[in-house]
Amino acid sequence: MSTSTSKSKPILIVAGVAVAAALLGVVSYTATKPSSPGAAGSSSVAEVSADPSAGVYAELEAYARRDPADKLALGRADAPVVLIEYADFKCGYCGKFARDTEPALVNKYVDKGILRIEWRNFPIFGEESEAVARASWAAGQQGRFWEFHRAAYAEGAKEKGFGEERLAALAKEAGVPDAARFAKDRDSEAAREAVRKDQEQGYQLGASSTPSFLVNGRPIAGAQPLETFTEAVEAAAKAARDEAGR
């Protein structure tokens, strides 16, 4: 596991966000390893209550961009629930979430218009992490981010590394149509700025390891079991329905 510190100056955040950031920052270091429901030592941030208001920080909901043009997002921009994922393609537990948990969430909630997933590149494992983050953004410019995401997180993919030739191979596997544009985009200042923007948001939140999540302002640290995310999404959807019914 690796941690990093932000190069940007700390921003002033309200007390609620500061509390959540402290929780996520501390707990994410110990909760990256998946735990079974009710396991001893599981974190309070990862333990999700069915109470729609429990563990939710309203200020953190503003981290969701809900941009219909966001090529690194999946699902309706107006979905009642937004799950933001801060992850690194070199992170093994991020890969486990991508393979074992995310497809179930897509099938159960994204496809039904309940959930939107917004990706944030949060590279913390060095130069290759930065390179593959930029490459994922470049694939997204041609509408193939999620295909690239799937290829990069396939079983055994990270063990092959993310050098230049490997990134080109992943782009081809993902069906990126213009290889020359992909190569140009991934080394562009626009790619660096996009990754930097995502990374700084994660640092401002207090995330110190991957994967880290927000579900409508509820922090969840680590590749927790599917049930943890299901409860968080269900609670957030209920809260959204209650709010709409007022």
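Screening residues 139-150 for salt bridge (Lys or Arg N to Asp or Glu O under 4.0 Å), with sequence neighbours left out, gives Arg144-Glu147.
Under a 3.5 Å cut-off, the side chain of Asn216 and the backbone N or O of Pro80 do form a donor-acceptor pair. The closest donor-acceptor contact from the side chain of Trp146 to the backbone of Ala73 lies under 3.5 Å.
Heavy atoms only, all atoms of each residue included: Pro123 and Asp88 are closest at CA-OD2, 3.3 Å. Between Gly92 and Lys158 the shortest heavy-atom distance is CA-CE, 3.6 Å. Heavy atoms only, all atoms of each residue included: Pro219 and Tyr57 are closest at CD-CD1, 3.9 Å. In plain terms, the two heavy atoms of Ala152 and Ala157 that are nearest each other are O-CB, 3.3 Å. Closest non-hydrogen pair, Pro211 versus Ala223, comes out as CG-N, 3.7 Å. Among all heavy-atom pairs drawn from Ser136 and Asn121, the shortest one is OG-ND2, 3.3 Å.
Annotation: side chain of Phe162 is in contact with side chain of Leu167 (closest heavy-atom distance under 4.5 Å). No side-chain heavy atom of Ile84 sits less than 4.5 Å from a side-chain heavy atom of Leu205. Counting heavy atoms from C-beta on, the side chains of Phe89 and Thr210 never come closer than 4.5 Å.
Glu243 pairs by the salt bridge (charged side-chain N to carboxylate O under 4.0 Å, His left out) definition with Arg246, not counting sequence neighbours. For Ala87, the side-chain contact (heavy atoms from CB on, under 4.5 Å) partners are Glu85, Cys94, Trp119, Tyr153, not counting sequence neighbours. In this view, Glu165 satisfies the side chain to side chain donor-acceptor pair (under 3.5 Å) rule with no residue, not counting sequence neighbours. Scanning for side chain to side chain donor-acceptor pair (under 3.5 Å) contacts around Glu118 gives Arg116, Arg120, with sequence neighbours left out. Glu127 meets the salt bridge (charged side-chain N to carboxylate O under 4.0 Å, His left out) test with no other residue; sequence neighbours excluded. Residues meeting the side chain to side chain donor-acceptor pair (under 3.5 Å) test with Arg65, sequence neighbours left out: Asp198. With sequence neighbours left out, the salt bridge (charged side-chain N to carboxylate O under 4.0 Å, His left out) criterion links Arg166 to no other residue. Residues meeting the side-chain contact (heavy atoms from CB on, under 4.5 Å) test with Ala194, sequence neighbours left out: Trp137. Partners of Glu130 by salt bridge (charged side-chain N to carboxylate O under 4.0 Å, His left out), not counting sequence neighbours: none found.
Note on Val195 and Tyr203: separate hydrophobic clusters, where clusters join Ile, Leu, Val, Met, Phe, Trp and Tyr whose side-chain heavy atoms are under 4.5 Å apart, directly or indirectly.
Between Tyr86 and Gln201, the side chains place a donor N or O and an acceptor N or O closer than 3.5 Å (distance only, hydrogens not considered).
Expressed to the nearest 0.5 Å, how far CZ of Phe97 lies from SG of Cys91 amounts to 11.0 Å. In this structure, OG1 in Thr230 is found 10.0 Å from CG in Leu115, a value given to the nearest 0.5 Å. Distance CZ/Arg196 to CZ/Arg134: 10.0 Å, rounded to 0.5 Å. One finds the CD atom of Gln199 at 11.0 Å from the CD atom of Gln204 (value rounded to the nearest 0.5 Å).
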Could you list the donor-acceptor pairs under 3.5 angstrom formed between side-chain atoms of residues 168-192 and any protein atom two or more places apart in sequence or on another chain?
residue	atom	partner	partner atom	Å
Asp178	OD1	Ala180	N	3.2
Asp178	OD1	Arg181	N	3.0
Arg181	NE	Asp185	OD2	3.1
Arg181	NH2	Gln141	O	3.3
Ser188	OG	Asp185	O	2.6
Ser188	OG	Ala191	N	3.1

Side-chain donor-acceptor pairs under 3.5 Å in residues 100-109, sequence neighbours left out?
residue	atom	partner	partner atom	Å
Asp100	OD2	Lys96	NZ	3.0
Glu102	OE1	His149	NE2	3.4
Tyr109	OH	Glu234	OE2	2.7

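The 12-atom threshold is not exceeded at CD of Glu164, counting heavy atoms of other residues, nucleotides or ligands nearer than 6.0 Å.
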